[in-house]
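Read through the structure below, which is laid out as structure tokens, and then see the notes.
This one's a predicted model, so the numbers in the text were calculated from it and none came from an experiment. One-based numbering, in listed order, for ligands and for the atoms of each.
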Amino acid sequence: MDLLKELQGCRRILLTGHIRPDGDCIGSVMGLYMYLKKAMKDAVIIPMIEKPAPEFGCIRDIDMIQSDFKSDITEFDAFIGLDSSSSDRYGEALKYFDSAKKRIIIDHHVSNDGFGDVCCIDPEASSTCELLLGLMDEKLLDKDIAVAIYIGIIHDTGVLRFSNVKPETLNACAKLISYGFDYPRIIDETYYEKTRIQNEMLGRALVESIMFMDGKCIVSKIDQDTMDFYGATPHDLEGIVNQLKNTKGVEVAIFMYELAPQSYKVSLRSSGNVDVSKIAKFYNGGGHVRAAGFSMNGTFHDVVNNLSDSIAMQLN
Ligand code: 5GP
Ligand code: MN
């Protein structure tokens, strides 16, 4: 995809990503925002996602994000959807999708079946940010764009640790850090540092976790009343599933939290042979082979029972 060519003549551009935005979503939206501001000086560019968590304050212009953007513009010349495998995860921005003159999709989820007018989907890319970097003209890159893109790669690879890291990923990072920013500080501040509440939630989830299928699976949950007691938000629960997955012998980790009574948001992580994107897609979610998610109605036990069957089919 020649991104700037695709955007030729576009004057009003909406950039968005998925609900509950993570580092890759925020990094790709902000990296592309800063890039297009330089490349298309006359265009109006609106970055529209939910308000990012405070640790992303190190990204320049992060305050330009308009979470509740409302205007007379009902028709955008281009709608660019980043890091989202389906349009139903665009949240508030979805209302601008159908009317946009051109819908451009940039994503790296295997579960993305290409629902735009122009699509750049590469499940081999570690992150949307890595993919996006490949679409950018090097002459327009700068330190601030590099920081945003770097954050996305770092977050989606678990700090360059997951199997989605390829030689291209490390080459991309080499190029990015050559812009000269304090990357150890950025990794600590945006990825490793946890608030007291976040650590308390992690502790609860680990202590209350249950192992099953001969120790190959682990599951834990946080209910709404626990979240209320600690004053925790869904953002405070990010990363718990990865820590569950770190348990020795575990091939599949499941973490869920209550969205509403009898309704759970489920996160899956795997190693070995289990493809969790297939399981998530079966339950109308999506994701990657080793990291995926979905929402499901029912009790905790309903969710675990359903998942046990799906996992058992792949484990055996
Ligand atoms: P997480 O478990 O961290 O929320 O998400 C893991 C991966 O699965 C991410 O790439 C995320 O985009 C995807 N994912 C999580 N939940 C959903 C969902 O409900 N629907 C879809 N389509 N993808 C999801
Ligand atoms: Mn991503």
Side-chain angles (χ1 to χ4, degrees), residues 16-32 49-50 52-53 81-91 94 105-115 120-134 148-160 162-165 169 172 191 202 205 218-222 233-245 252-257 259 263-270 274-297 303 307:
T16 193
H18 59 79
I19 49 170
R20 296 184 287 269
D22 59 7
D24 190 30
C25 175
I26 296 164
S28 55
V29 168
M30 288 311 298
L32 186 54
I49 48 174
E50 285 168 34
L82 295 143
D83 199 39
S84 186
S85 56
S86 56
S87 59
D88 60 1
R89 302 194 78 222
Y90 286 145
L94 180 63
I105 307 299
I106 303 173
D107 186 30
H108 70 125
H109 291 91
V110 274
S111 52
N112 192 321
D113 40 29
F115 53 91
C120 181
I121 298 159
D122 181 5
E124 288 296 306
S126 67
S127 48
T128 299
C129 279
E130 183 188 329
L131 187 54
L132 187 61
L133 182 66
I149 301 283
Y150 182 76
I151 287 175
I153 298 178
I154 287 301
H155 280 242
D156 259 24
T157 59
V159 193
L160 303 176
F162 300 153
S163 58
N164 57 358
V165 174
T169 319
Y191 192 87
L202 173 66
I218 190 165
V219 61
S220 194
K221 70 160 166 61
I222 298 279
T233 65
H235 170 64
D236 295 321
L237 311 177
E238 278 166 24
I240 291 179
V241 68
N242 294 327
Q243 194 55 43
L244 289 167
K245 178 65 197 57
V252 181
I254 306 164
F255 174 71
M256 56 183 105
Y257 65 87
L259 289 168
S263 171
Y264 283 94
K265 171 76 184 75
V266 184
S267 285
L268 303 171
R269 296 294 183 271
S270 72
V274 178
D275 178 347
V276 286
S277 77
K278 282 190 188 152
I279 299 172
K281 196 146 191 185
F282 181 75
Y283 295 111
N284 294 319
H288 312 281
V289 175
R290 297 206 152 92
F294 61 93
S295 301
M296 191 188 264
N297 292 329
V303 179
L307 278 174

Query - Shortest protein heavy-atom distance from atom 19 (O) of ligand 1, along with the residue and atom involved - result: F294 CA, 3.4 Å
**Report entry** Reported CD1-to-SG distance for the pair I19 and C25, which is rounded to 0.5 angstrom
**Finding:** 10.0 Å
Query raised in the report: Going by heavy atoms in the side chains, are L307 and I279 under 4.5 Å from each other?
Result: yes
Query - Atom nearest to the Mn ion (ligand 2) - D156, N, O or S atoms considered - result: OD2
Query raised in the report: Do I121 and H108 have side chains that get closer than 4.5 Å, going by heavy atoms?
Result: no
Query raised in the report: Between the side chain of H109 and the main-chain N/O of H288, is any donor-acceptor distance below 3.5 Å?
Result: no
Requested in this report: Salt-bridge test for R89 and D107: reply yes if a basic N is under 4.0 Å from a carboxylate O, no otherwise.
Outcome: no
Report summary line: closest protein heavy atom to atom 7 (C) of ligand 1 is A291 O, 3.5 Å
Report task. Identify, for atom 22 (N) of ligand 1, the protein heavy atom at the shortest distance, and state residue, atom and that distance. Result -> S85 OG, 3.1 Å
**Report entry** For atom 16 (N) of ligand 1, the protein heavy atom that lies nearest, with its residue and separation
**Finding:** K265 NZ, 2.9 Å
Report task. Measure the shortest side-chain to side-chain distance between V219 and F255 over non-hydrogen atoms and say whether it is less than 4.5 angstrom. Result -> no
Query raised in the report: Between NE2 of H108 and OD1 of D83, what angle is found at the Mn ion (ligand 2), rounded to 10 degrees?
Result: 90°
Query raised in the report: What do you reckon, does K281 put a non-hydrogen atom under 4.0 Å from ligand 1?
Result: no
Query raised in the report: Hey, does I153 have a side-chain heavy atom less than 4.5 Å from the side chain of S126?
Result: yes
Query raised in the report: Among G239, G286, C25, which residue places a heavy atom closest to atom 23 (N) of ligand 1?
Result: G286
Query raised in the report: atom 5 (O) of ligand 1: which of E238, H108, H288, R269 has the nearest heavy atom?
Result: R269
**Report entry** Which of the ligand 1 atoms, numbered from 1, are nearer than 4.0 Å to a heavy atom of G287
**Finding:** 8 (O), 13 (C)
Query raised in the report: Mind checking whether N242 and R269 have side chains closer than 4.5 Å, heavy atoms only?
Result: yes
Query - Mutual orientation of the aromatic rings belonging to H155 and Y191 [parallel < 30°, tilted 30-60°, perpendicular > 60°] - result: perpendicular
Query raised in the report: Can you tell me the protein heavy atom closest to atom 10 (O) of ligand 1 and the distance?
Result: H109 NE2, 2.8 Å
Query raised in the report: Hey, are H18 and D22 close enough side-chain-wise for a donor-acceptor pair under 3.5 Å?
Result: yes
Requested in this report: Output yes if D24 passes the N/O/S-under-2.8 Å test against the Mn ion (ligand 2); output no otherwise.
Outcome: yes
Query - Close approach of A292 to ligand 1, heavy atoms, under 4.0 angstrom - result: yes
Query - Nitrogen or oxygen of S267 less than 3.5 angstrom from that of ligand 1 - result: yes
**Report entry** Nearest neighbour in protein (non-hydrogen) for atom 11 (C) of ligand 1
**Finding:** R89 NH1, 3.8 Å
Report summary line: atom 17 (C) of ligand 1 has as its nearest protein heavy atom G293 O, 3.2 Å
